[in-house]
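Side-chain atoms are counted along with the backbone in the values below, which use heavy atoms only and exclude waters and symmetry mates. In what follows, chains are A, B, ... by sequence order, proteins preceding strands, each numbered from 1. The structure displayed is predicted, hence computed values, not measured ones.
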Protein chains: 4
Amino acid sequence: MQRLLDAGLAVFAERGYHATRVDDVVRVARTSHGTFYLYFANKEDLLRALAVDCAARLETLSGAIGPIDAGPAGFGALRAFLADFLAVYERYGPVIRAWMEGQVGDPEVDRLGLHAFAAIRSVLTDRMRTVGAVADDEVAATALMAMIERFSYVVASQRLAGDDDVVLDTVAQIVHRGFFGAPGPTPA
Amino acid sequence: MQRLLDAGLAVFAERGYHATRVDDVVRVARTSHGTFYLYFANKEDLLRALAVDCAARLETLSGAIGPIDAGPAGFGALRAFLADFLAVYERYGPVIRAWMEGQVGDPEVDRLGLHAFAAIRSVLTDRMRTVGAVADDEVAATALMAMIERFSYVVASQRLAGDDDVVLDTVAQIVHRGFFGAPGPTPA
Amino acid sequence: MQRLLDAGLAVFAERGYHATRVDDVVRVARTSHGTFYLYFANKEDLLRALAVDCAARLETLSGAIGPIDAGPAGFGALRAFLADFLAVYERYGPVIRAWMEGQVGDPEVDRLGLHAFAAIRSVLTDRMRTVGAVADDEVAATALMAMIERFSYVVASQRLAGDDDVVLDTVAQIVHRGFFGAPGPTPA
Amino acid sequence: MQRLLDAGLAVFAERGYHATRVDDVVRVARTSHGTFYLYFANKEDLLRALAVDCAARLETLSGAIGPIDAGPAGFGALRAFLADFLAVYERYGPVIRAWMEGQVGDPEVDRLGLHAFAAIRSVLTDRMRTVGAVADDEVAATALMAMIERFSYVVASQRLAGDDDVVLDTVAQIVHRGFFGAPGPTPA
DNA sequence: CATGAATGAGTGTTCATTCAT
DNA sequence: AATGAATGAACACTCATTCAT
């Protein structure tokens with residue numbers, strides 16, 4: 001049931017996965033405990049369902065990453081990817097955080113996360129492979145994902161003052177230069 | 001008491017803060033429940049004590065950050081800072097993760113984390129202010145901290161294959177170039 | 001819920017408030033811990049609920065006290081009040097004892113008790129004020145309540161051998177004469 | 001050890017027997033847990049020791065009760081007894097309350113209390129037996145003791161406003177008239 | 001399909017008691 | 001005799017899960 005999925009995301013976002021009680025989800029979804037267990041085997045299963053949705057969204061997103069090179073077009077592609085990722089994070093933040101924090105305990109949830117992130121990392125390393133400007137592509141891609149996740153977190157939770165566009169520009173700039181050594185577009 | 005602090009870090013690292021039972025900590029420390037509550041008011045209080053220690057370590061660390069400029073000396077200072085942070089993370093990872101994941105609920109723990117990270121961010125933005133190469137210093141410092149924390153996590157949890165030196169070089173390179181636009185030392 | 005209230009009274013009566021474990025109440029009520037906490041926030045809350053009921057019963061009772069004078073009618077009114085109080089005590093003894101022993105720690109329970117007893121004391125002093133035969137009305141009313149509570153206790157707990165009617169007569173006699181100096185009805 | 005006995009009385013008086021922790025007693029007595037268990041087998045044993053002392057005091061007191069008749073001399077004897085009892089209560093209140101509330105669980109404590117009170121009741125019924133003015137001597141004595149205990153409690157805990165002499169007079173008056181039907185001394 | 005009262009295993013916390021020093 | 005750190009059994013309370021309606 002859609003209302004339960006939405007409620008789950010809302011409560012996970014507010015309290016975190018471990019601290020949310022099924023009771024909270026049920027109350028926010030304006031339904032009953034019985035109904036919850038009609039659609040989900042248990043609390044973990046709700047997260048699993050959300051993880052499936054999120055993974056699908058990220059799949060689409062990673063398929064749409066354009067070639068990232070040292071020039072302005074590459075910068076644009078990178079910035080677009082960051083913006084897309086942020087959009088997914090705004091809805092599926094709790095799922096992505098559960099993946100990054102890696103302590104849910106459910107192997108299926110972990111698997112979905114590892115798979116989704118591996119796909120993105122693989123596309124990114126592929127798109128940026130030509131450069132060879134960094135010592136280790138795998139490390140670079142991991143660091144990049146970490147940075148993107150955190151930046152999405154601080155933006156999504158409004159812990160970072162400032163206009164979203166400037167934030168996106170700044171992060172894209174750092175990443176672009178970090179990976180290509182190119183100066184990138186001059187900051188406004 | 002030292003045994004309890006060590007056990008706390010070990011179990012928090014393995015299971016995560018929410019999932020660790022006092023019973024686990026007590027078993028690892030080879031002591032009893034009674035003894036635990038002799039030294040700590042409750043589970044949160046153990047994390048608080050660890051947070052105090054960790055904050056002190058980070059305080060020292062942030063005081064030792066040298067000037068970071070576009071040249072090789074700046075690169076060295078940055079790499080040294082990353083290495084130092086990683087060393088702290090290797091012990092206090094669970095505390096730092098609790099801070100980043102921000103869902104412990106104890107205001108004192110939060111305060112310690114915010115304070116410690118603000119100190120580091122402030123030193124970093126100060127040391128790197130002259131450059132003016134990024135659109136927003138605050139955003140840059142936040143993104144930087146996020147990246148450092150995640151990179152420490154993947155290194156500390158051995159989720160990243162590869163020699164630590166190469167990892168440090170790669171991350172330092174990305175960061176240095178990202179913030180200064182300089183090519184940095186040629187990767188080996 | 002009614003079963004829990006009854007079980008609470010039964011176990012409080014048998015073991016005393018402090019010594020009763022929630023487990024006892026639950027076992028007597030033939031229900032589970034979960035159900036207990038569904039209806040009551042904690043053990044104190046159960047006592048509180050009982051205290052509310054008891055206070056209501058005493059409220060009714062104190063409203064029904066007739067004018068108590070030196071004559072046979074006054075004696076009858078007093079005896080009737082004692083009998084009524086005893087009836088309430090037979091069910092709510094543990095609550096009344098908790099009030100008299102005054103060591104529950106819950107301000108709301110204390111408030112209910114003080115209020116209920118103040119109401120009775122106030123009616124009694126009012127009804128008996130005309131006499132002026134005692135040095136201090138407030139002291140007299142307090143001593144009277146104490147005597148009534150204890151007498152109820154020993155009767156309710158069968159610690160006093162003898163027919164209830166004789167006991168009632170004896171106490172009413174002592175009280176009536178104590179307050180009015182009148183000989184009262186000749187003991188049978 | 002005397003300091004432990006004193007501390008026990010102090011803490012029992014403040015918190016009640018069930019709610020006092022050995023730790024409190026030890027802290028007030030400025031000694032250690034080890035020392036406590038050097039002198040007393042357990043917490044109950046402390047109460048038992050205090051009960052022995054209190055019983056001895058009451059023994060003395062009950063031996064000193066003079067003949068109580070309807071005249072002024074009887075009133076004086078009664079008032080003197082009340083004053084003596086109050087003096088004992090001021091120190092041993094917690095013990096007497098433990099006896100009256102009858103829920104300590106230790107048979108020896110109960111036995112001491114029952115014995116001490118039985119002695120007083122027996123002396124009182126003996127001293128007042130000649131009168132024959134009440135329906136049941138045993139009931140009368142029980143009610144009397146109850147009244148005395150409560151009156152001592154409210155006086156000792158300063159829950160009753162007013163000069164102690166007036167309180168003593170009032171209670172003695174009520175009791176004297178209650179048991180003898182005599183008007184007693186005119187209140188001042 | 002939907003409900004929500006009932007359940008009880010699991011966990012945090014307390015505190016009387018012990019014993020090595 | 002005195003200490004106080006250590007113990008663990010006992011208890012209060014929570015919350016994911018079930019099932020009769």
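Separating the CG atom of B/Asp45 from the C1' atom of E/dG12 is a distance of 14 Å, rounded to the nearest angstrom. Here E/dT11 presents its P atom at 18 Å from CD of B/Glu44, a figure rounded to the nearest Å. The CG atom of A/Leu4 sits 13 Å away from the C1' atom of E/dT3 (whole-angstrom rounding). When the C1' atom of F/dT17 is taken as reference, atom CZ of A/Arg21 falls 15 Å away, rounded to whole Å. Separating the CG atom of C/Leu46 from the C1' atom of F/dC13 is a distance of 15 Å, rounded to the nearest angstrom. Note: OH (A/Tyr17) to C1' (F/dC15) measures 13 Å, nearest angstrom. Straight-line distance from the CG atom of B/Asp23 to the C1' atom of F/dA9: 13 Å, rounded to whole Å. Rounding to whole angstrom units, CG of residue C/Asn42 and C1' of E/dT13 are separated by 15 Å.
Side-chain polar atoms of D/Tyr89 and D/Glu149 form a donor-acceptor pair below 3.5 angstrom.
In the set E/dT7, E/dA2, F/dT7, E/dT7 carries the atom at the smallest distance from any side-chain atom of C/Ser32. Distances were taken from every side-chain heavy atom of D/Lys43 (C-beta onward) to each of E/dA2, E/dT17, F/dT7; the shortest belongs to E/dT17. When the nucleotides E/dT13, E/dA2, F/dA6 are ranked by their closest atom to the side chain of A/Leu38, E/dA2 comes out on top.
Under the Watson-Crick or G-U wobble criterion, with both distances below 3.5 Å, F/dA1 is left unpaired in every strand shown. E/dT11 and F/dA12 make up a base pair, with Watson-Crick or G-U wobble contacts both under 3.5 Å.
No salt bridge links C/Arg48 with C/Asp53; every basic N to acidic carboxylate O contact stays at or beyond 4.0 Å. The existence of a salt bridge linking D/Asp23 and D/Arg27 is confirmed by a sub-4.0 Å separation between a basic side-chain nitrogen and an acidic carboxylate oxygen. C/Asp6 and C/Arg3 are not joined by a salt bridge, as no carboxylate oxygen comes within less than 4.0 angstrom of a charged side-chain nitrogen.
Proximity of C/Thr35 to the phosphate of E/dT7: a side-chain N or O atom is located under 4.0 Å from OP1 or OP2. Dashed line: the shortest gap from a side-chain N or O of C/Tyr37 to OP1 or OP2 of F/dC13 is under 4.0 Å.
Between B/Trp99 and B/Phe117, the ring planes lie perpendicular to each other; the angle is over 60°, past the 30° to 60° tilted range.
Taking for each of D/Arg30 and A/Ala19 the nucleotide of DNA chain F with the nearest heavy atom, the 5'-most of the two is the partner of D/Arg30. Ranked by how close their nearest DNA chain F nucleotide is to the 5' end, B/Tyr39 and C/Phe36 are led by B/Tyr39. Between A/Thr31 and D/Gly34, the residue whose closest nucleotide on DNA chain E is further toward the 5' end is A/Thr31.
Below the 3.5 angstrom threshold, one finds no donor paired with an acceptor across the side chain of C/His33 and the base of F/dT14.
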